[in-house]
Structure formats: C-alpha cells, structure tokens
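Order of the sequence lines fixes the chain letters, A, B, ..., with proteins taken first and strands second; residue numbering starts at 1 for each chain.
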Amino acid sequence: YCAPHMQYRPGDIEEKWQQKWADARVAETGVTASGNKFYMLNMFPYPSGDLHVGHGRNYILGDALYRYLRMQGRAALNPMGWDAFGLPAENAAIKRGIHPREWTLSNIAREKKQFERWGIIYDWSKEIASCHPGYYRWNQWLFLQLYRRGLAYRGKAPVNWCPQDQTVLANEQVIDGRCERCGAEVVQRDLEQWFFKITDYADRLDAGLDALEHWPDKVKTMQRNWIGRSAGADIDFPIPVLGRSIRIFTTRPDTIFGATFLVLAPEHPDVAKLISDHPDRAAIEKWIAEVRNQSNLERQETGKEGRFTGKYAINPFTKEEIPIWLGNFVLMQYGTGAIMSVPAHDQRDFEFAKQYGLAVRIVIAMNETPPGWPLSMVEAFTAKDDSARIVDSGLITGLTPPAAIERIGDEVERLGIGNKTVRYRLRDWLISRQRYWGTPIPMLYCDRCGLVPVPEEELPVELPVDVPFTGREGNPLAKHEAFVNAKCPKCGGAARRETDTMDTFVDSSWYYARYLSPRDTTRIFDSKLANAWLPVDQYIGGIEHAILHLLYARFICRALHDLGLVDVEEPFTRLFNQGMITKEGYRDPAQGNSWVPLGEVEWRAGKPYRGGLELVPETGKMSKSRFNVVPPDELIARYGADTQRVYTLFIAPPEKEAPWSEEGVVGAYRFLVRVWNMGIQIRDGATSGGAPPAPAAVLRKMHQAIDGVTRRFERFEFNTAISSLMEFSNLLGDHLEHAGGLREAYLVLLKLLHPFAPHMTEEMWEMFGEKPFVLTSKWPVADPALMQEDVVTIVVQVNGKLRGQIEVPNPPAEDVVMAAVQKNEKVQSWVAGKTVVKTIYVPGKLVNVVVR
RNA sequence: GCGAAAGUGGCGGAAUUGGCAGACGCGCUGGACUUAGGAUCCAGUGGCCCAAAGCCGUGCGGGUUCGAGUCCCGCCUUUCGCACCA
C-alpha cells in the first residue's frame, strides 16, 4: 500500500523531466572537443506530420544508445533535422490550399513536440531543415562544383511522365504503371534532364563496400547488385555488308569460339540498315515497334522472341560466318546493345538457340571429365574456375576459363579489335524534378551564351513563395514570371532560369556534415570540424534506404572528398536497420477485401466480424488506409512514454519486424510500476535504520546484470538487455525484507534502466537524494569475480547417463574436478581403468565430467 | 528461375564456444484482497499422465558426437532481395 503521492504516475513526472532536460540543454555537444567522439545519427525524417508508435522505434532506440554512450563518458553527438522538401507537401497544397512551407513547418513543430514527448533528447542547437534557404543554398553550391567538374550535366533520358499532370514522376509515385495522384497511365518519355554522374564513381562505390565491416551484408549485397560490376571485354565482329564492325560486350570472352550467332537489341542503331533490303522488312519493323513499346517486365512475360536479319557477321576468332539476329531479351541500355551468343554456355542463349534451331557448340569441359567429351552443357555451363578446361578453341584450348579470359582479352587488344572492359549496371542519377517544393537548380539559359551557371555570390536562388498550386499544368515555378526572367551574368542580356528543382535525395546526401556547422553562411560546412567528427560512427534508419539514400550519400561523400572538403570517403562506419512495427488490420471479403475501421469490428468468440460476416485479419505496416495506425497520444497519456520506450525495445530484436500488441504494453508498464514501488520501499527502509547487507545472490545478480546490459548495448540486443533488468528487479523484489541493504543494488538498477526509462529513473534517482541527470552519472562496471556462483555442481555422466553429482567451490581447478569424480562411489567403481574424455567448465553453471 | 536469411510453447521471443531447451514478457488457470475487477499481489503454466515416476519434445529425414535448437548432408515451408545486365 502506497500513499497516493508515492504512486507511479508517469503523467506527473514525464513532462517535468522533459522540461528540465530541455532547459539544461543536456544533449548539446561542444563539437570543438572531439576527443573520445562518437557521432551517432538517426536518418532525418520527412515531416509528414503523423508520427505513430511504429515511427518511434528507431528514435527511441537511438536515444537509448545515446544515453548509454553519455553515461559511458563518450563525447556523443546526436543531432536531428528535417528532410523537408518533397512531394507530399506540394500535394497537400493542391488538395487543401495550404502553402507547402506552412504545411511543412507546422508538421516539423508537431513532430519535434512528439520527439520531446517520447523523452528523446537531441542537440537542437544544430537543427537543420532542408527547405531553409540557409541549407539549400549549399545544395546549389554543391551543384555548381559538380557542374564545374563535369559531374553534373544535362542530357536526354527516358523518364516516367504523367501526361495529365504534365510532369515527371518519381518512381515512388508510379503505382502499377499509373500516376498515384490522377490515375493516368504513366509513359516513358525521352526528355532533357539534369544528371549527376554517379557512374564515374561506380568502381569506387563498389570497391568501398568491402571495407564496410559493420554494415549489414544484406545492404552491401543490394548495393553491389545495383552497381552491377561486370568485368569482360568489348569485341568487334566484322559485318561484311556494312563494311564495318558491330561491337559486343561479353563477360566470357573465353567462350568466343562457341559464339554461333549475334543478337542485337531491337533498338540497336544498325538494325535499320541490316534489314533495309529484307523481304519481310515491314513485318520485322512492326515486330520491333511492338517490342519497343513493351516494358522490360512485359518483354520477359512474352518469353524470348527474335527475328533473323538475313545478314551475317564474322566471328573474329573462328572466321566463320554467323547469323545476326534481333532479340527481345537484349537490352539497349546495357553494354553495347549487342551480344555474341554462346548457346552451349549461357542459359538465355541456349533457350534462344533451341527455339530457333541455331547451332550449339561446346567449348568448355570439366577437368575431371573422362575421355568421351563432351559432357552435358549444364555441367560446364557456369564453370569459370580451375575445374574446367577450354576445348576446341584454337589458341586457348586446354586453358582454364580464367586464363582463357585473360588470353583472349590480350589478343583482342593486340589485334585492335576491342578491349578488356568493366561495365556497370548503375546509371547516372537523374536529379531533375518538374516540381516546386525542392531546391532550384542554379542554372540559366541565355539565348546568346547558352547554359550559364548562376554565380556563387548570387546564391541562394530562392524559391518564390507566391505561386499557384493547381496540380494541373506542371511545375508552378515555370509560370512565375519574376522567377523565370533573369539577366545573363555573362552578357547581361535576357535569360531564362532553370525551373527544375533537385531530387530531395540531393539534400540528404551530405546533411550529416552540415550538422557540425549548421549556421555557417560562408561555406557548405567547416572542413576542420568535419574531419574531426566524420565519419558518422553509428547510423540508424530503415532498410528502405538500402540503395537510394545510402548510395547517393556514399557518392556525394566521395565527391566532397575529391573537392578537398573532407578526408573520409565513407560517411557511415556502422549501419543499423531497424525492423518495422506492424499491426493487425481487418479486411472484409464481402466488400472486395476493403479494410475495416477498428471501430466497426465486432468480436464474437474471439473472431472479428462485421455485419454478420467474418473478417480476415492481416498483420502489416501501419497505414491510415488500413485503419491500423496506433497513435502514441493515448498510450502515453495512460501508461507514459517510458512504458512505450520499454515495450518498443523489449518486444523483439530491433532489426526484426515486430507486431504491436495492446496487451503486451501492460507488461512493460507493470515492470516499471514494480521498480517504482520497490524504490519507495527501499528508500524508506534505508532511512528507518537497521539495514542488513544485501544477500550475496543480489550482488551476484547485480554484476551479472551490469555485464549483461553493457554487452547487449554493444550488440544492439535491447530486448534481452531489458529482460535481464527484469530478472534483476524480480530478484530484488524477492529480498525486500532487506530493503535498507538493497540501496546500492537498486541505484545500479536505476542506472542500467535509465536509457530505457529515463523519466522514471530520474524521478526515483532524485527521490533517493541523488543529484539530477542520471545521464551524467557513471555507467557501472561489472566485477567478473562477483558474477560467479560460489559453488558449482559437478555432474558426472557416464555415456550420457547421470551417475552422480557433487558441489564444489567455484571455480574448481581441474584436479578438484578429478577429485570430485574420485569421491563419487558409483563412478569410482565404474570408472576404474577408464579414461576421462572431456571436462567442461562453464562459469556459473554445471560442470559435466563425461567418462567413457 | 537465381541469391540470402529464417523455421523453438497459445503469442512475442531466450539459450557467449556443441553442455540444465523454453530465460523475460504477454496470454491462460487457480487463489488472495474486494460491492466489483479490465486494478494489485501470490502460485501454476511445452506435451502425454488425476498425480508421481517416466516418456516425448526446437519444420521433416538421415549423419557426426559422451552430448545437437546449435555442426554436416538431403528435403519442405516462409520471408526478403534480384529478376533476361550478356
């Protein structure tokens, strides 16, 4: 029984502590002193305005880590900002008539408040918002530097175009081939756009992945696949009718003697000439047009199709005439848009050859293959190592494939008919957006001088505020006369301003460096500070950025490095991807599987119904359209932010997807209540005198908890860290008759619990008469000697059967163990003349002596 | 199709190295206190069995080992990624 004022009431204490932390600016880090530095960073959010409990996970996780690091005495930096440009703001403007700026700023205010309400402390003195001219000005500056170096250029490319909205769409805005907003079918269009030349960095971005020891393999693999490095050779195949050659790319030049035909992409520039005198020219052209209209996906669904051009090429090594085909499976965007086909050793070529009855010639055999070659094509198919040999291939016969690849490459270069090359799947980064709410690209079009960059001293090119948002006629910027009309800085004549804005991924590709000198008006960032604090030691964010943001950021970091602005090439040393929090929603099959609002679900015998029909539960991402969003307000009002924090981290390993459960929350709350009530008793026990010392079991558990929680922080195992604190607290609860003697152990519990439940621990810490801000007190250190049990049980097993056991002091020396065996009558008699197979010493556990 | 990861109670999940499977929490069962309990506290909770003893238990089938959730081989299932990249 507790007096009312002693009850755990999160509502009474949480806002008080949040205010104190804010007033004392506890999270502000002096960036000038970077010794013992630890730069941790959560990916900055897009301020959409609705943070639900699922969003809380990675911020809570980051805050717990930050508080732990501070208690460890690290100079930890933990800033936060806003990825504030983007489409949703503009859509809100169109739908609701709110200016994107107002919409964004009010969302930022709301989300900032929400972070505070979760007890998350950031260094707000370093806050940045990408929509602020003081920030995007440096986007423009960066653009100009890249432009100067040829890394930003204007060129033609196929893009997603919505004919109704008259604008280019981001990939995320295309759903099942349709415009997300108006539902019109999106078409591919060749348009002049601005690009960043990320392909220049393909090799460095690929090679750099190997050094990222602390990145999840999954992300590295995804980036590797995306970059798609392939080493091989470009080789010219002479075409007598054209009087010149067609260049192909292959990763397997060692198979060139097996190349029995060429296949060109239907879009290949030489196709028109090749079929110009073909008797069925019209039919082939019709087919080409059909294929061109198909997306890659559609082409694959069609299956492999081709047409014979009626013309032949010369295989430069066999000197044979080989037919030239067109194939829907050859992509113009990759390599040279032409391939040599080796049907014996490539699955796709094999399928094509089989379908059209083309020649198959085997040129690889397995090493161990007995006489009587050839072996089956399947076995030799992918053989690229020393277990295989090249056969029937002139100068390379008998070589292993790797050796043959080298040899052919050399030969091709010697003959001047090609080169060894490395090709990448990666394409240049299209950064143009025909949108208002983004960084204006600082370029001008002058009738006399052509493309002219805006001089650096004229930056920022500010976004005008007074533009109309109709959502119908493309980029509002283009209609803003005062913005568009400018003077050419070269000739002083009339010029038009570029009205495209930048992809918002440009904003996020260097923001981590800006946090270090966020208000600097003279440069993009302070290189001295950047070199002291970069790279980011721990980066936390969702897996959805595995490629886009993380690849762009790695690219821009290298570009900044090459500009001499920063020493590092890799911006993020450690990467952690938290899993999503999911929630059950209910679909109504009778209504075309539409989602049912939670309020309309009736429960009968534990099953969900609506209107007498059973609903289908489905667990997934929280979203408004599924009516399964859990807002944090009610939860916090009822149980407190500490409860949400503890529950969120306890629910599952943080990298895993985890289902939100209303019942589960209660467990976390009860845990905090118990710790609280126990604290009151222990404090009162201490002041009433007569404090017996804590039992050895409590001290042992305490050291085990310190050790366990510390180790688990290092490994991001927050769920088990919390469970070990529950064990520790349960044991304290079992010894409350010693209340007064538990003070030291209890204060340790508060410290270990602080990163998870900061408000409650601060309050209790203060109730114990300690100075405020557990944050600045020292993280306890475990004494390994005190972690061990006093005695261990030696279990003697014979052939897996228990034959006896005995307790000995811990740790037992090996001769003690042997003596224990000797003392055991049963074993002794049985053991005579036999040998001890193995002894295992497990600290604090059992010792099994197994004899045979 | 290719590649990767993972399969443990009613549920979320524990189990440094091959060493007491199911920690911790939810839920459930019983009890206490109650006008009441959706509050709190206590006890129990993998299965078979009234209970005990015992036996069986980490997707399935083999194997290695004194000993396997963990290692090896072969399947099945799920999730994620890539998807004609020559």
On RNA chain B, compare the nucleotides closest to Arg299(A) and Asp734(A); which residue's is nearer the 5' end? Asp734(A)

Nearest-angstrom distance, P atom, C72(B) to C56(B): 26 Å

Gly418(A) backbone acceptor or donor facing Asp234(A) side chain under 3.5 Å: no

Listed by chain and number, what are the salt bridge (Lys or Arg N to Asp or Glu O under 4.0 Å) partners of Glu717(A), not counting sequence neighbours? Arg715(A)

For Arg229(A), salt bridge (Lys or Arg N to Asp or Glu O under 4.0 Å) partners two or more places apart: none

Do Arg425(A) and Trp226(A) touch side chain to side chain, with heavy atoms closer than 4.5 Å? yes

Rounded distance (Å) that lies between atom P of A86(B) and atom CD1 of Ile405(A): 12 Å

Given atom CG of Asn719(A) and atom C1' of G12(B), what is their separation to the nearest angstrom? 10 Å

With sugar-phosphate meaning primed atoms plus P, OP1 and OP2, does Leu331(A) contact a base, only sugar-phosphate, or nothing at under 4.0 Å between heavy atoms? base

Any salt bridge (charged side-chain N to carboxylate O under 4.0 Å, His left out) involving residues 719-734 of chain A? Give me the pairs, sequence neighbours left out, ordered by first then second residue. Lys701(A)-Glu727(A)

Listed partners of Glu655(A) passing salt bridge (Lys or Arg N to Asp or Glu O under 4.0 Å), at least two apart: none

Short N/O separations, protein against nucleotides 3-5 of chain B, under 3.5 angstrom:
none

Distance between C1' atoms of G69(B) and G46(B) (Å, rounded): 14 Å

Taking the basic N atoms (NZ, or NE/NH1/NH2) and the acidic carboxylate oxygens, is any pair closer than 4.0 Å for Glu544(A) and Lys621(A)? no

Using atom CD of Gln333(A) as one end and atom P of A86(B) as the other, report the distance to the nearest whole Å. 13 Å

Please enumerate all protein N or O atoms sitting under 3.5 Å from an N or O of nucleotides 24-29 of chain B, with distances to 0.1 Å.
unit_1, atom_1, unit_2, atom_2, d
G25(B), OP1, Asn730(A), ND2, 3.2
C26(B), OP1, Arg670(A), NE, 3.1
C26(B), OP1, Arg670(A), NH2, 2.9
G27(B), OP2, Arg670(A), NH2, 3.0

Can you spot which of Ile246(A), Asp349(A), Thr260(A), Thr255(A) makes a side-chain contact (heavy atoms from CB on, under 4.5 Å) with Met340(A)? Thr255(A)

With 3.5 Å as the limit, what N/O pairs link the protein to nucleotides 43-46 of chain B?
none

Once you apply a heavy-atom cut-off of 4.0 Å, does Val330(A) come out as touching a base, just sugar-phosphate, or nothing? base

What distance, rounded to whole Å, do you find between the two P atoms, one in U70(B) and one in G9(B)? 15 Å

Listed nucleotide nearest any side-chain atom of Arg715(A), set U16(B), A86(B), G13(B): U16(B)

Provide, to the nearest angstrom, the distance between the CG atom belonging to Leu736(A) and the C1' atom belonging to C41(B). 13 Å

Scan nucleotides 77-82 of chain B nucleotide by nucleotide, 5' to 3', and note B when protein non-hydrogen atoms come under 4.0 Å of the base, S if they reach only the sugar-phosphate, - if neither. ---SSS

Give me syn or anti for G57(B), where syn covers glycosidic angles within 90 degrees of 0. anti

Ring centres of Phe718(A) and Phe650(A) under 6.0 Å apart? no

Does the ring center of Phe713(A) lie less than 6.0 Å from the ring center of Phe756(A)? yes

Read 5' to 3' with Watson-Crick or G-U pairs under 3.5 Å, [ ] for crossing pairs and | for partners on another strand, RNA chain B gives (((((((..(((......[....)))((((((.......))))))(((.....)))..(((((..]....))))))))))))....

So do the side chains of Trp660(A) and Thr582(A) get within less than 4.5 Å of each other, counting heavy atoms only? no

Considering only atom P, compute the distance from G12(B) to G30(B) and round it to an integer number of Å. 25 Å

Value in whole Å for how far the C1' atom of U40(B) lies from CG of Asn677(A): 9 Å

Please report the distance separating the C1' of G13(B) from the corresponding atom of G61(B), rounded so that it comes out in whole Å. 28 Å

Which atoms form the tightest heavy-atom contact between Ser723(A) and Thr720(A), and what is the distance? OG-O, 3.0 Å

Please state the P separation for the pair C75(B) and A21(B) - nearest whole angstrom. 31 Å

Please classify the nucleic acid contact of Asp349(A) as base, sugar-phosphate, or nothing, using heavy-atom distances under 4.0 Å. nothing

Nearest whole angstrom, please: distance from the C1' of A86(B) to the CH2 of Trp325(A). 18 Å

So, using side-chain hydrogen bond (donor to acceptor under 3.5 Å, both in side chains) as the criterion, who are the partners of Asp642(A) when residues are at least two apart? His759(A)

Taking the same atom, P, in G25(B) and in U45(B), what whole-Å distance lies between them? 14 Å

Specify the separation, in whole Å, of atom CD1 of Ile651(A) and atom P of A14(B). 12 Å

Heavy atoms under 4.0 Å, any strand shown: does Lys304(A) hit a base, just sugar-phosphate, or nothing? base

Ile405(A), Asp346(A), Ile408(A), Val363(A) screened by side-chain contact (heavy atoms from CB on, under 4.5 Å) with Arg252(A), the one that passes: Ile405(A)

Provide, to the nearest angstrom, the distance between the CZ atom belonging to Arg712(A) and the C1' atom belonging to G13(B). 13 Å

Can you sort out the partners of Arg307(A) under salt bridge (Lys or Arg N to Asp or Glu O under 4.0 Å), two or more places apart, ordered by chain and number? none

How far, in whole Å, is A83(B) from G1(B) if one measures between their C1' atoms? 8 Å

Residues in side-chain hydrogen bond (donor to acceptor under 3.5 Å, both in side chains) with Trp325(A), at least two apart? none

Do the side chains of Phe716(A) and Pro653(A) get nearer than 4.5 Å, heavy atoms only? no

How close do Pro316(A) and Ile256(A) get, heavy atom to heavy atom, and via which atoms? CG-CD1, 4.3 Å

